[in-house]
There are 4 protein chains.
Amino acid sequence: MARPKNEERRQSIIDSAIRLIAREGLSAATAAIAKEAGVPNGSLFTYFATKAELLNTLYLEVKQELISFVEDGLSDAGGEHEQLLHLWTRWTHWGAANPEKRQMLAQLSVSDEVLETTREAVLAAAQGPVNLVQRVARQGALRNQDPALAGALVESLADTATDFMSRDPEQAEQICLATFEFLWNALR
Amino acid sequence: MARPKNEERRQSIIDSAIRLIAREGLSAATAAIAKEAGVPNGSLFTYFATKAELLNTLYLEVKQELISFVEDGLSDAGGEHEQLLHLWTRWTHWGAANPEKRQMLAQLSVSDEVLETTREAVLAAAQGPVNLVQRVARQGALRNQDPALAGALVESLADTATDFMSRDPEQAEQICLATFEFLWNALR
Amino acid sequence: MARPKNEERRQSIIDSAIRLIAREGLSAATAAIAKEAGVPNGSLFTYFATKAELLNTLYLEVKQELISFVEDGLSDAGGEHEQLLHLWTRWTHWGAANPEKRQMLAQLSVSDEVLETTREAVLAAAQGPVNLVQRVARQGALRNQDPALAGALVESLADTATDFMSRDPEQAEQICLATFEFLWNALR
Amino acid sequence: MARPKNEERRQSIIDSAIRLIAREGLSAATAAIAKEAGVPNGSLFTYFATKAELLNTLYLEVKQELISFVEDGLSDAGGEHEQLLHLWTRWTHWGAANPEKRQMLAQLSVSDEVLETTREAVLAAAQGPVNLVQRVARQGALRNQDPALAGALVESLADTATDFMSRDPEQAEQICLATFEFLWNALR
DNA sequence: CATGAATGAGTCTTCATTCAT
DNA sequence: AATGAATGAAGACTCATTCAT
């Protein structure tokens, strides 16, 4: 190759996009993103053919990051309660620690710029946590429902819990534990 | 005085805005909204001074409609279980029956075009349901947390439950009841 | 109407477009056309929804102008020779007198921005001259061919004759008459 | 020295350029041409210093190809009628058989990217056919005109005749002969 | 020499809002 | 009051050409 694509630049664009979208929403201009990344506006398009492609990449990669973070240290050894607590704790803490990424994801989640295939890829990557939730829920109120339902409910709860943890960092641990108990009671 | 003469036109603009924003997101053009409403583009601004005002009105009025619908038939007479079930049923059914309004609200909920004052007005209007939820939750896992937390968690659950009911109308009743049980277990 | 569209502005845009396209080809920028017309760039699009629409309008209206000019004074009274000479003279003189319009038409004639429907509309408008040519040609070499062929051949000859008349204005009359004789011999 | 090593690549670029320009006009991107030719975009510029140079090369080489094809088999032996018929037949058939090259030439013919020197080179190369036409025309209607006029008129006729032959291949032979008769009558 | 990433000016088009009628 | 034409600053994306590798 004449000159390999600059991986740092790509990441720099992604980081700027996260920041700007968190701040200004999806209407953040590609030129503004490029500028914030210290890259000429035209160059953004050598890394992402369209704005939509950038948005899908953003969604996919940040979701994957969250999933990896959640799965890290998750062991089959412990009981379901312990495993779910691990998942819950890491999930909400990741969100509380990454407010811009969370805000960006919130925008993208309701956008139809994010393709169905992208959402499916995320779902596939989340298989581990999703399975855990379903195992916990298998005898609870949702026992006869679409298995995806439990996962979706947990996700929405995690999101809301994280919101409150972000807003009131001093209470974060308490909120995390209380909402976990709320969740545990709900699922079983 | 506050409201211009033609109430029908105003409503027609609101209806079109709901439809278009559900379909195209917040980037729906005011001219397109006016056209769909059968109103000259300039006239939209005699009803709503700015696009942001239209958006805030949309958010406020539709949320109020939802709240009214939920409260309709809600009586202090019944027990907490009965009352919460009533709330849950009507909430989710309203959403399932009004997909465009739900989609529009989803867009607006993450937008910073919706002012804090507007959100507060909605919260104030929702006092009844919110109080009910807090009463149910007063001895549960959330007993020592910010009272708003319980409300927010319930809202996010309702939203997700409605999603699934919309997608699978034949199972809607089952989903409604199962998620209610899920909620009840969580709150208590 | 609140404010009627300004017909003068429309014409001014068309005139500028003719001039610029003659000078720079179809790649002439809409902003440059607007500027030359003394109109804000955005306003061009209140008169022509897209550049393609402007181009089609240009083609249609200038062709119609040429046709009108050619037909002006054309009378059924005279013989075929006299009528065809009238047509030929006015056709070539219009072209020689309107070099920018001719150059613009030359660009558009080979462009696929000009829609088939536009070309058909021009053909329909040219019925009078086309019929005359076909009448003259009815016993000549083209007698058994697609009637459109005669028309097309005459058009291409007229175009070339006009070229030479433009380039050498002093010989214009001679060229006009000589090429008419050439044409007359060919058709009969 | 003048030509870089890889003659095949050069030709491949030319072929792709013909195809793409026929399809999309002169605005065909150099990168798209290179891609269609299976050549890296930067490499196009080792064969043609600028896009304009590519365009001029295209015009020159394809015109030369046409001229060679027309002259092939043309012998001074036959009479003028026979020679002109030979020229006419091969000219129109080449066009009918090479629609993309014809379309590309049509675009370039009206473009000011093609330099005057290039056009002169083509004219020089076409001396044989041009002389033949002038010989035939020396006592006809054009006898006192710029000798180039006869050549230009014949070229425009050939182009139009070829159009009709392309569109209606079954009638191609008839059209060729009928238009030749048309031409013969005109010139003499 | 070959490559393909990099560039930034330039393209068409959109749009909330204003204001002449 | 009602209308719809007018505006001009953005916006996403393109592209011929260059040059680091």
Of all heavy-atom pairs between C:Gly95 and C:Ser166, which one has the smallest distance, and what is that distance? O-OG, 4.2 Å

Backbone of C:Glu113 reached by a side-chain donor or acceptor of C:Asn56 within 3.5 Å: yes

Contact residues, residues 104-112 of chain B to DNA chain F [heavy atom, < 4.0 Å]: none

Quick one: does C:Lys5's side chain have a donor or acceptor within less than 3.5 Å of a partner on C:Thr46's backbone? yes

Looking at B:Tyr59, is B:Arg119 sitting on its ring face, NZ or CZ under 6.0 Å from the six-membered ring centre and within 45 degrees of the normal? yes

Report, as a single string ordered 5' to 3', how protein heavy atoms within less than 4.0 Å touch nucleotides 6-13 of chain F: B base, S sugar-phosphate only, - not at all. SBBB-SSB

Using modelled atom types only, decide if a donor and an acceptor are shared between the side chain of A:Tyr47 and the backbone of A:Leu54 within a distance under 3.5 Å. no

Please report, rounded to the nearest Å, how far the C1' atom of F:dA2 is from the CZ atom of B:Arg10. 18 Å

For E:dT3, the Watson-Crick or wobble counterpart (both distances under 3.5 Å): F:dA20

Measure CG/B:Leu44 against C1'/E:dT17 and give the value in whole Å, please. 11 Å

C:Leu54 CG to E:dT11 C1', straight-line distance once rounded to whole Å: 15 Å

Is A:Gln107 reaching over with its side chain to a backbone N or O of B:Val110, donor-acceptor style, under 3.5 angstrom? yes

Rounded distance in Å - CD1 (C:Ile21) to C1' (E:dC12): 14 Å

Output yes when B:Asp159 and B:Arg102 qualify as a salt bridge under the 4.0 Å nitrogen-oxygen rule, no when they do not. yes

Let me confirm one number: the CD1-NZ distance from C:Ile21 to C:Lys101, rounded to the nearest 0.5 Å. 13.0 Å

Value in whole Å for how far the C1' atom of F:dC15 lies from NZ of D:Lys35: 15 Å

What is the distance, rounded to the nearest whole Å, between atom CD of D:Glu7 and atom C1' of E:dC1? 17 Å

What is the distance, to the nearest angstrom, from the CD atom on B:Glu53 to the P atom on E:dA16? 15 Å

B:Phe48 CZ to E:dT17 P: how many Å, rounded? 13 Å

Does A:Leu26 offer a backbone N or O that forms a donor-acceptor pair with the side chain of A:Lys51 under 3.5 Å? yes

